[in-house]
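Heads up, the thing below is written out as structure tokens.
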Amino acid sequence: MTDYGLMPPSDEDRSPPALARQIRLMIQSGEVLPGSHLGTVELAERFSVSRGPLREALRLLESSGLVKIVPQRGAFVIRLDDHEVQDLLAVREVLFALLAERCASAATPEGIEALRRELEQLEQIARNPASTARAFQVATYRYVAQMNVIVGSARLTQSIRDLSIGAAELYGHLAIATRDMRLKDLKGYKKLFKLIAAGAGAAAFSQARAMHSQGVARAVELNASALGQGQSSPAIDFVQRKRRTPQS
């Protein structure tokens, strides 16, 4: 039996959502690698639960984009080079760019000041040698959340939030894995802030799209290296196509 190295849930915490949280932690921590099979028998034994709640937990993870259930084969952790993941990241890129454009048009002095404070927090984390990629990632979420507040579009906010789980949540930290990467990303957010503050919507759109594309490229390359996939893959081909395609 596979020992995933986790403590089983307590007796009162064996519901499908609780099991889903446990499995999510396994994936996020690297206990289970992208593309790995999530065996219901092994997991049920590990967590001392029946396979019914476990199957429901896996369906919950599938709905959030972390797991893919294949008929007759079982559940697998999503891979960055899955075509569906590529499509979702491409849509997220455009939505993020649209948010930046709308933010530049709608920002008030108060909104700009609030965004500046989030940028200052982001810079503190980026320049702190002891900070982690996850901490920086959370700070970028707060920055984008403030952009959402400025724009005030519930539908756009929800669309971006829906696409910020799954692949973006699981692999986003790879784009900022090192301090140098985080400092580079910080420069992008600083430039984006200046464009928003200046009301330059079209330029903010282009900058946000470039930032997202570059982040995906870094994540793809680091993920391929970690998995020993030095050769071409669908994800690398996807990034190369994006690099050759002019962005509007």
Side-chain angles (χ1 to χ4, degrees), residues 28 88-220 222 242-243 246-248:
Q28 290 177 330
L88 289 173
L89 290 174
V91 172
R92 187 175 186 268
E93 176 183 307
V94 175
L95 288 178
F96 179 51
L98 179 61
L99 176 66
E101 181 183 57
R102 297 283 175 83
C103 191
S105 301
T108 63
E110 293 78 14
I112 293 296
E113 182 56 33
L115 194 61
R116 185 193 304 278
R117 290 194 294 270
E118 295 299 340
L119 182 62
E120 290 172 352
Q121 291 295 315
L122 190 64
E123 182 164 14
Q124 287 181 15
I125 293 172
R127 297 195 182 282
N128 183 354
S131 293
T132 64
R134 292 291 186 190
F136 186 86
Q137 187 179 30
V138 170
T140 64
Y141 288 162
R142 291 197 297 265
Y143 184 103
V144 174
Q146 182 55 45
M147 291 171 63
N148 280 314
V149 170
I150 291 171
V151 173
S153 171
R155 181 164 295 182
L156 182 58
T157 297
Q158 188 60 50
S159 296
I160 294 174
R161 183 176 294 130
D162 290 344
L163 292 172
S164 294
I165 58 176
E169 176 189 12
L170 181 57
Y171 294 106
H173 70 286
L174 293 177
I176 49 174
T178 68
R179 185 165 179 259
D180 285 344
M181 287 180 179
R182 294 192 282 276
L183 289 171
K184 184 176 181 179
D185 215 41
L186 173 66
K187 289 177 66 175
Y189 277 103
K190 282 186 168 183
K191 183 176 180 180
L192 182 62
F193 172 79
K194 290 180 180 179
L195 293 170
I196 291 172
F205 183 98
S206 297
Q207 170 64 11
R209 194 166 184 187
M211 288 170 61
H212 192 282
S213 179
Q214 291 161 9
V216 170
R218 292 197 301 270
V220 166
L222 189 56
K242 287 173 65 59
R243 288 172 174 168
Q247 294 179 350
S248 58

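What's counted below: heavy atoms across the whole structure, side chains too, no hydrogens, waters or symmetry copies.
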Nearest heavy-atom neighbours spanning Ile112 and Ala107: CD1-CB, 3.5 Å
Heavy-atom pair with the smallest gap, counting every atom of Ala100 and Leu192: CB-CD1, 3.9 Å
Note, Met147 side chain near Val151 side chain (heavy atom, < 4.5 Å): no
Note, Leu186 side chain near Leu119 side chain (heavy atom, < 4.5 Å): yes
Derivation and outcome, side chain to side chain contact (heavy atoms under 4.5 Å, CB included), residues Asp185 and Arg218: CA-CA 11 Å; Asp185 215 41; Arg218 292 197 301 270; 3.3 Å; yes
Ion pair check, Glu120 and Arg117, cut-off under 4.0 Å: no
From Ser213 atom OG to Phe96 atom CZ, the distance as rounded to the nearest 0.5 Å: 12.5 Å
Glu93 vs Val216 side-chain heavy atoms within contact, under 4.5 Å: no
Nearest heavy atoms of Ala139 and Ile125, plus distance in Å: CB-CD1, 3.6 Å
Spatial distance of atom CG (Leu95) from atom CD (Gln158) [nearest 0.5 Å]: 12.0 Å
Taking every non-hydrogen atom, the tightest pair across Ala208 and Ala97: CB-CA, 3.7 Å
Sidechain-backbone polar pair: Tyr143 side chain, Tyr189 backbone, donor-acceptor under 3.5 Å: yes
Within-4.5 Å side-chain heavy-atom neighbours: Arg134 and Val138: no
Min side-chain heavy-atom separation Leu122-Phe193 under 4.5 Å: no
Rounded distance (nearest 0.5 Å) linking atom CD of Glu101 with atom CG of Leu195: 12.0 Å
Interatomic spacing from NZ in Lys191 to CD in Gln207 - rounded to 0.5 Å: 4.5 Å
Backbone N/O of Ile160 and side chain of Arg92: donor-acceptor pair under 3.5 Å: no
Any donor-acceptor pair under 3.5 Å from Arg182 side chain to Ala126 backbone: no
Thr140 side-chain N/O to Gln137 backbone N/O, donor-acceptor pair under 3.5 Å: yes
Straight-line distance of Ser131 OG to Arg179 CZ, nearest 0.5 Å: 9.0 Å
Heavy-atom closest pair, residues Ile176 and Met181: CA-CB, 3.8 Å
Inter-residue atom distance Arg116.CZ - Lys194.NZ, 0.5 Å rounding: 10.5 Å
Whether Arg102 side chain and Leu156 backbone form a donor-acceptor pair below 3.5 Å: no
